[in-house]
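Worksheet for the structure shown next.
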Amino acid sequence: MLQLQAIRDHKDTFIKALKKRNIDGASLLENVLDLDDKRKATQTQLDATLAESNKLSKEIGLLFKSGKGQEANALKEKTGSLKESSKQLGEQLNSIAEELQNLLYQIPNIPHESVPAGSTDEDNEEIFREGDIPTLINDAQPHWELAKKYDIIDFELGVKVTGAGFPVYKGKGARLQRALIAYFLDKNTAAGYTEIQVPHLVNETSGYGTGQLPDKEGQMYHVGDDDLYLIPTAEVPITNLFRDEILNEQKFPICYTAYTPCFRREAGSYGAHVRGLNRLHQFDKVELVRVEHPEKSYQALDGMVEHVKEILRELKLPYRILRLCGGDLGFTSALTFDFEVFSTAQDRWLEISSVSNFETYQANRLKLRYKDENGKSQFAHTLNGSSLALPRVLAGILENYQTAEGIQIPEVLIPYCGFDKIE
RNA sequence: GGAGAAAUGGCAGAGUGGUCGAAUGCGGCAGUCUUGAAAACUGUUGAGGGUCACACCUCCGGGGGUUCGAAUCCCUCUUUCUCCGCCA
């Protein structure tokens with residue numbers, strides 16, 4: 001959520017920046033400021049009414065104490081109309097505040113100045129590429145064929161038990177998943193992130209805190225009886241750990257990593273691009289979350305990018321990094337780098353990590369603040385990134401590491417797997 | 001799931017209708033003393049709105065009510081604790 005003061009101070013810059021998202025911010029921001037003016041005016045009126053009524057109440061109290069019941073009762077009459085008008089003003093204020101809140105919820109984050117304009121993923125800017133694309137054997141197969149051939153992932157069984165998009169991992173497939181999770185967590189903790197385990201269901205307030213609600217209402221699984229949401233990413237529970245917190249500046253940087261399954265309804269997805277592991281309703285992910293001092297957040301973002309790079313280098317997977325354009329940028333993000341691994345057998349790039357700086361956008365919703373050197377409360381910056389999302393890494397490994405004799409396990413994973421080949 | 005108790009500032013904990021945004025202790029910050037530190041002493045120390053700055057307003061788990069006036073009384077929800085039941 002954008003800060004009102006920031007909108008006031010940088011309206012024109014914001015309108016220009018929102019254009020990169022193909023959003024006409026002019027009337028939107030104008031509306032917000034108008035409503036806020038209205039809110040202030042109503043608040044002032046209400047405050048004055050309450051002040052008057054507080055004053056009278058005190059006088060009445062004193063009169064009763066000094067035994068002047070008559071005079072006190074006379075004053076009581078006066079408070080009636082004040083009560084009535086403060087009630088009305090209060091209702092007015094509430095409805096204005098609610099309208100303002102709803103409007104603010106609809107405005108996405110302001111893109112960072114480096115974000116290119118654009119509308120689709122084709123406008124994303126490739127900024128880095130590394131790793132050799134292997135030359136595969138003649139009858140190279142996509143991962144869903146390999147999964148069946150080596151009996152390591154069973155999509156049909158998942159359909160039977162739950163539905164499409166809920167695969168069952170078997171044998172060495174399951175072990176490889178576990179190996180990846182352990183390997184990622186080890187890399188992350190070695191880099192200074194604290195490992196935590198968080199709930200996989202969150203309440204509505206948490207959904208609003210990180211911005212999944214109301215923007216992506218239909219994308220989360222909702223447990224109606226208990227009014228809870230299955231997490232679409234560990235970002236939600238981890239970041240909400242800091243909801244309503246006022247941190248000491250010395251606590252920065254806060255670095256957490258967690259493994260969780262992620263649940264996404266993916267309403268509207270279809271076709272060949274969702275085959276196999278490419279798009280699932282339930283998948284595993286190891287996530288990084290950082291809470292940072294505003295002055296350090298972009299440095300932190302670069303650090304996260306470097307960290308993910310190192311992991312992909314170790315896995316020896318060919319990948320590229322994209323700077324997302326305005327149109328592809330997530331609702332709450334100011335700047336996002338996507339990592340894509342090249343899936344040789346499918347001949348396409350698969351997104352495996354998304355690293356973002358949300359600046360104060362989430363912090364404002366979360367009321368996540370810190371005390372600066374002057375003792376004033378300021379909003380912190382939040383960041384997160386995948387390190388990494390499992391299914392597509394798995395797809396990448398299966399496809400890029402396939403040989404006529406079976407699937408070679410990347411060197412760094414062998415100690416975690418306990419085997420070096422799937423055959 | 002059943003019965004009972006509770007929810008107050010960073011923490012502990014007083015406060016049962018008016019002068020309570022809230023005693024006291026601890027912690028934090030600043031200072032005195034000290035070569036320095038500790039101890040001791042003094043001061044200061046919740047959040048939000050509003051204002052150039054004040055004034056002023058709101059907040060004692062959430063919501064609603066009673067009253068001229070609510071941390072305090074009533075209703076309701078949530079959470080926590082104790083006991084019982086069930087259970088990985």
Side-chain angles (χ1 to χ4, degrees), chain A residues 1-9 32-101 103-104 197-209 213 222-229 237 240-252 254 261 291 360 362-380:
Chain A
M1 198 163 66
L2 299 178
Q3 293 172 254
L4 282 162
Q5 196 53 51
I7 297 177
R8 238 171 243 292
D9 294 345
V32 166
L33 293 182
D34 282 351
L35 262 178
D36 190 46
D37 287 338
K38 233 164 115 186
R39 199 212 90 235
K40 275 189 200 172
T42 315
Q43 179 77 255
T44 306
Q45 244 184 318
L46 175 64
D47 285 359
T49 314
L50 288 173
E52 179 68 20
S53 136
N54 285 344
K55 209 177 99 199
L56 283 177
S57 291
K58 264 179 197 158
E59 282 175 29
I60 291 170
L62 288 173
L63 286 173
F64 272 125
K65 269 211 173 130
S66 52
K68 298 176 184 161
Q70 287 267 324
E71 288 175 49
N73 282 321
L75 273 185
K76 270 199 199 179
E77 316 254 316
K78 273 193 176 170
T79 58
S81 67
L82 285 174
K83 235 180 141 178
E84 187 52 40
S85 59
S86 70
K87 197 180 153 193
Q88 270 181 22
L89 285 167
E91 279 165 11
Q92 253 178 58
L93 183 66
N94 281 343
S95 78
I96 292 169
E98 198 187 323
E99 199 183 331
L100 181 60
Q101 184 70 241
L103 206 54
L104 282 171
Q197 298 196 347
V198 290
H200 300 166
L201 280 86
V202 293
N203 58 29
E204 192 184 23
T205 311
S206 293
Y208 275 95
L213 293 173
H222 182 227
V223 183
D225 278 350
D226 296 294
D227 199 18
L228 295 172
Y229 294 86
N240 271 282
L241 254 24
F242 300 97
R243 172 149 45 82
D244 295 321
E245 292 285 327
I246 300 178
L247 303 163
N248 192 315
E249 216 175 353
Q250 278 92 51
K251 290 247 170 110
F252 293 132
I254 294 172
V291 182
T360 59
Q362 290 182 329
N364 188 20
R365 287 196 179 188
L366 294 159
K367 298 286 167 272
L368 162 50
R369 293 160 292 179
Y370 69 94
K371 287 256 196 238
D372 67 14
E373 65 271 19
N374 302 317
K376 283 196 73 177
S377 297
Q378 306 284 354
F379 286 120

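Every chain is numbered from 1, with letters handed out A, B, ... down the list of sequences. FYI, side chains are in, hydrogens and waters are out, and symmetry mates aren't considered; it's all heavy atoms of this structure.
Per the geometry, CG belonging to A/N248 stands 11 Å off C1' belonging to B/rC29, to the nearest Å. One can place CD of A/E245 at 10 Å from C1' of B/rG10, the figure rounded to the nearest angstrom. Computed from coordinates, the A/R39 CZ to B/rU58 C1' distance equals 12 Å when rounded to whole Å. Atom CD of A/Q250 and atom P of B/rG27 are 18 Å apart (whole Å). Atom CD of A/E204 is separated from atom P of B/rG62 by 18 Å (rounded to the nearest Å). If you measure from atom CG of A/L100 to atom P of B/rG48, you get 18 Å, rounded to the nearest angstrom. Remark: P of B/rG10 and NZ of A/K251 are 13 Å apart, rounded to the nearest angstrom. At whole-Å resolution of the value, CG in A/D47 and C1' in B/rC59 are 13 Å apart.
For the C1' atoms, the distance linking B/rG43 with B/rC56 amounts to 27 Å, nearest Å. Between the C1' atoms of B/rG46 and B/rC60, the separation comes to 11 Å (whole Å). Of the P atoms belonging to B/rA71 and B/rG1, the separation is 34 Å, rounded to the nearest Å. The gap from the P atom of B/rU79 to that of B/rG15 amounts to 28 Å, rounded to the nearest Å. On the P atoms, B/rC57 is 15 Å away from B/rC20, given to the nearest whole Å. Distance noted for atom P between B/rG10 and B/rG28: 15 Å (whole Å). To the nearest whole angstrom, the two P atoms, one in B/rU32 and one in B/rA47, are 26 Å apart. Using atom P as the reference point in both B/rA12 and B/rG27, the two lie 15 Å apart (nearest Å).
Taking both residues in full, the closest heavy atoms of A/L2 and A/L104 are given as O-CD2, 4.1 Å, listed atom of the first, atom of the second, then distance. Here the shortest heavy-atom pairing between A/A380 and A/F252 reads CB-CZ, 3.9 Å. When every heavy atom of A/L247 is checked against every heavy atom of A/F242, the shortest pair comes out as CD2-CD2, 4.5 Å. Pairing each heavy atom of A/K367 with each of A/F379, the nearest pair is CA-CE2, 4.1 Å.
Pairs passing the salt bridge (charged side-chain N to carboxylate O under 4.0 Å, His left out) check and including a residue from residues 39-62 of chain A, sequence neighbours excluded, read A/D36-A/R39. Within the structure, no pair that satisfies the side chain to side chain donor-acceptor pair (under 3.5 Å) test touches residues 76-89 of chain A, not counting sequence neighbours.
Comparing A/Q43 and A/K83 against RNA chain B, the residue whose closest nucleotide sits nearer the 5' end is A/Q43. When each of A/L62 and A/L46 is assigned the nucleotide of RNA chain B with its nearest heavy atom, A/L62 is the one assigned upstream, toward the 5' end.
In terms of modelled atom types and a separation under 3.5 Å, the side chain of A/D226 and the main chain of A/L228 share no donor-acceptor contact.
Under the Watson-Crick and G-U wobble criteria, each requiring two contacts below 3.5 Å, nucleotide B/rG27 is paired to B/rU45. When Watson-Crick and G-U wobble pairs are counted only if both distances are under 3.5 Å, B/rU72 pairs with no nucleotide at all. Pair assignment for B/rA40: B/rU32, on the basis of Watson-Crick or G-U wobble contacts that are both within less than 3.5 Å. Checking B/rC54 for Watson-Crick or G-U wobble geometry (two distances, each under 3.5 Å) identifies no partner in any strand. The pairing partner recorded for B/rG1 is B/rC84, the criterion being a Watson-Crick or G-U wobble arrangement whose two distances lie under 3.5 angstrom. As the counterpart of B/rU79, B/rA6 is assigned, both hydrogen-bonding distances of the Watson-Crick or G-U wobble pattern falling under 3.5 Å.
In the region residues 91-99 of chain A, proximity to RNA chain B at under 4.0 angstrom, judged on heavy atoms, holds for none of the residues. Within residues 49-60 of chain A, the residues that place at least one heavy atom under 4.0 Å from RNA chain B are, in residue-number order, A/L50, A/A51, A/N54, A/S57, A/I60.
Across all strands, A/K40 comes closer than 4.0 Å only to sugar-phosphate atoms, never to a base (heavy-atom distances).
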Could you walk me through whether A/M1 and A/Q101 satisfy the side chain to side chain contact (heavy atoms under 4.5 Å, CB included) test, starting with their C-alpha distance in whole Å, then the side-chain angles of each, then the deciding distance to 0.1 Å, before giving a yes or no?
CA-CA 9 Å; A/M1 198 163 66; A/Q101 184 70 241; 3.1 Å; yes
- Query: Between A/V32 and A/L100, does a side chain to side chain contact (heavy atoms under 4.5 Å, CB included) hold up when you go through it step by step?
  - Reply: CA-CA 6 Å; A/V32 166; A/L100 181 60; 3.9 Å; yes
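Salt-bridge check for A/R8 with A/D37: passed, with a basic side-chain N closer than 4.0 Å to an acidic carboxylate O.
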Check nucleotides 45-47 of chain B for protein N or O atoms closer than 3.5 Å to its own N or O atoms and list the pairs.
{"residue": "B/rA47", "atom": "OP1", "partner": "A/K371", "partner atom": "NZ", "Å": "2.2"}
{"residue": "B/rA47", "atom": "O3'", "partner": "A/R369", "partner atom": "NH1", "Å": "3.3"}

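Between the side chains of A/Q3 and A/N364, no donor-acceptor pair of N or O atoms lies under 3.5 Å.
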Less than 3.5 Å apart, which donor and acceptor atoms pair up between the side chains of residues 198-209 of chain A and the rest of the protein, not counting sequence neighbours?
{"residue": "A/N203", "atom": "OD1", "partner": "A/T205", "partner atom": "N", "Å": "3.4"}
{"residue": "A/N203", "atom": "OD1", "partner": "A/S206", "partner atom": "N", "Å": "3.0"}
{"residue": "A/N203", "atom": "OD1", "partner": "A/S206", "partner atom": "OG", "Å": "3.1"}
{"residue": "A/S206", "atom": "OG", "partner": "A/R243", "partner atom": "NH2", "Å": "2.9"}

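Interatomic distance, CG of A/L33 versus CG of A/L4, reported as 7.5 Å (0.5 Å rounding).
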